[in-house]
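One structure follows; several queries about it will come next.
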There are 2 protein chains.
Amino acid sequence: MLDSYCKVLNKNRFKVTRQRKAILEAMEKAHGVHLTADDIYMDVKQNFPEIGISTVYRTLELLARLNIVHKTSFDEGKFRYEFCEDEGHYHHHFVCNGCGSIIEVEEDFLHHLESALEERGFIITDHKVQLYGYCPECRDRHTE
Amino acid sequence: MLDSYCKVLNKNRFKVTRQRKAILEAMEKAHGVHLTADDIYMDVKQNFPEIGISTVYRTLELLARLNIVHKTSFDEGKFRYEFCEDEGHYHHHFVCNGCGSIIEVEEDFLHHLESALEERGFIITDHKVQLYGYCPECRDRHTE
DNA sequence: ATCTTAAATGATAATCATTATCAATTAGGA
DNA sequence: TCCTAATTGATAATGATTATCATTTAAGAT
Ligand SMILES: [Zn+2]
Ligand SMILES: [Zn+2]
Ligand SMILES: [Zn+2]
Ligand SMILES: [Zn+2]
């Protein structure tokens with residue numbers, strides 16, 4: 001997995017540095033979790049104290065440009081990152097207003113909306129669906 | 001319209017100040033446009049040079065809390081505001097990667113996604129759908 | 001209409017995520 | 001090994017937003 005990402009870096013003439021590998025490893029370790037730049041920085045620092053926060057931001061920007069990671073905001077005033085899916089089409093997210101947890105949702109009804117727009121002459125390159133509310137653990141606390 | 005918003009302020013024991021009225025007026029003037037706090041600040045300043053940017057932020061936060069305006073981010077690193085719809089359920093947005101224009105989309109296929117989650121015990125209070133791509137004016141420039 | 005007072009305001013500083021700068025380091029090809 | 005452009009880390013800068021606090025004001029009581 002890590003190797004295949006390094007191949008993409010190579011293919012695009014970007015150097016495979018210790019820092020970039022460490023960042024990719026940290027993200028792999030947290031697969032399925034939506035990490036902030038700072039989450040990644042803190043984790044990498046454990047085994048690599050010299051790493052700079054700028055390198056983390058720069059690397060994530062690069063990985064996003066290469067379609068290795070997907071950068072998205074859940075309206076918290078900061079961005080979160082996760083690995084892209086192979087198909088290039090993203091799953092959706094449910095954000096709990098109670099505990100803040102972000103839960104992935106597989107269902108996809110967006111084709112309808114997309115084709116309606118494409119008929120009107122738009123080109124759709126990406127979409128984002130975020131649902132907000134209460135997860136089963138928080139719903140009782142909320143309705144009490 | 002403005003009067004009905006003032007009524008909501010009154011009902012909730014908030015004062016109806018010149019600043020709050022000016023901000024609501026600026027937003028009414030730009031109905032259908034998705035304004036940033038600074039857009040509103042700049043506009044109100046024309047006829048009300050003493051207004052402070054803090055007041056704009058504070059007022060928007062209050063109006064959002066009262067469900068008068070809806071605050072949303074289009075991943076630009078800042079928030080945009082528009083009046084809530086009566087139903088409490090928002091339209092969707094198409095963001096053009098070319099010119100940055102934000103176009104409203106009425107179609108709503110989200111019930112499906114929402115009921116699927118509700119069956120699993122979640123409570124959905126809000127959703128956000130944002131599509132990205134190229135609008136008809138920008139698509140040729142893009143595919144050239 | 002005046003008084004009272006808690007709410008609201010504006011100037012300013014603080015915060016926080018992110019980006020830019022730049023001298024020093026380094027990956028990877030010759 | 002050498003060369004060099006890419007990369008890095010420290011630091012400063014930015015830009016949006018929030019906090020602080022002395023001053024002003026809306027709106028209810030007199
Ligand atoms: Zn929860
Ligand atoms: Zn996800
Ligand atoms: Zn466009
Ligand atoms: Zn809208």
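Lettering follows sequence order; numbering is per chain, from 1.
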Subject >> Residues that N47(A) engages under side-chain contact (heavy atoms from CB on, under 4.5 Å), provided they are two or more places apart >> reply: none

Original post:
For the helix from dA1(C)-dT30(D) to dA30(C)-dT1(D), what angle lies between the axis at the first five pairs and the axis at the last five pairs, to 10 degrees?
Top reply: 30°

Original post:
Taking only residues at least two apart or on different chains, which pairs with a member in residues 1-11 of chain B satisfy side chain to side chain donor-acceptor pair (under 3.5 Å)?
Top reply: none

Original post:
Think T55(A) has a side-chain N or O under 4.0 angstrom from the OP1 or OP2 of dT8(D)?
Top reply: no

Subject >> Interatomic distance, E61(A) CD vs dA17(C) P [rounded to whole Å] >> reply: 16 Å

**OP:** Using whole Å, report how far CZ of F79(B) lies from P of dG15(D).
**Re:** 18 Å

Original post:
Does T55(A) have any side-chain hydrogen bond (donor to acceptor under 3.5 Å, both in side chains) partners at least two apart in sequence or in another chain, and if so, which?
Top reply: R58(A)

Subject >> Single-linkage hydrophobic cluster M27(A)~Y57(A), side-chain heavy atoms < 4.5 angstrom >> reply: yes

Original post:
Which residues pass the side-chain contact (heavy atoms from CB on, under 4.5 Å) test with A30(A), sequence neighbours left out?
Top reply: V33(A), L35(A)

Subject >> Gap between atoms CG and P, on D39(B) and dA16(D) respectively (whole Å) >> reply: 10 Å

Original post:
Separation of F74(A) atom CZ from dA17(C) atom C1', in whole Å?
Top reply: 17 Å

**OP:** Just say parallel, tilted or perpendicular for the rings of F83(A) and H31(A), cut-offs at 30° and 60°.
**Re:** parallel

Original post:
What salt bridge (charged side-chain N to carboxylate O under 4.0 Å, His left out) pairs are there with at least one residue in residues 93-102 of chain A, not counting sequence neighbours?
Top reply: none

Subject >> side-chain hydrogen bond (donor to acceptor under 3.5 Å, both in side chains) involving Q19(B) - partner list, sequence neighbours excluded >> reply: none

Using the 3.5 Å cut-off, write out each protein N or O paired with an N or O of nucleotides 11-13 of chain C and the distance between them.
unit_1	atom_1	unit_2	atom_2	d
dA11(C)	N6	S54(B)	OG	3.3
dT12(C)	O4	S54(B)	OG	3.3

Original post:
Taking only N and O in the side chain of Y57(B), is any of them less than 4.0 Å away from OP1 or OP2 of dT18(D)?
Top reply: no

Original post:
Among all residues two or more places apart in sequence or in another chain, which pass the side-chain hydrogen bond (donor to acceptor under 3.5 Å, both in side chains) test with K71(B)?
Top reply: E61(B)

Subject >> Contact residues, residues 6-36 of chain A to DNA chain C [heavy atom, < 4.0 Å] >> reply: K15(A), V16(A)

Original post:
Atom CZ of F48(B) to atom C1' of dG10(C): distance rounded to whole Å?
Top reply: 10 Å

**OP:** Quick one: list whatever passes side-chain hydrogen bond (donor to acceptor under 3.5 Å, both in side chains) with K128(A), sequence neighbours left out.
**Re:** D75(B)

**OP:** Starting from C1' on dA16(D), measure out to CZ on R80(B) and report it in whole angstrom.
**Re:** 13 Å

Subject >> Residue pairs involving residues 39-53 of chain B (criterion salt bridge (charged side-chain N to carboxylate O under 4.0 Å, His left out); sequence neighbours excluded) >> reply: R18(B)-E50(B), K29(B)-D43(B), D39(B)-R80(B)

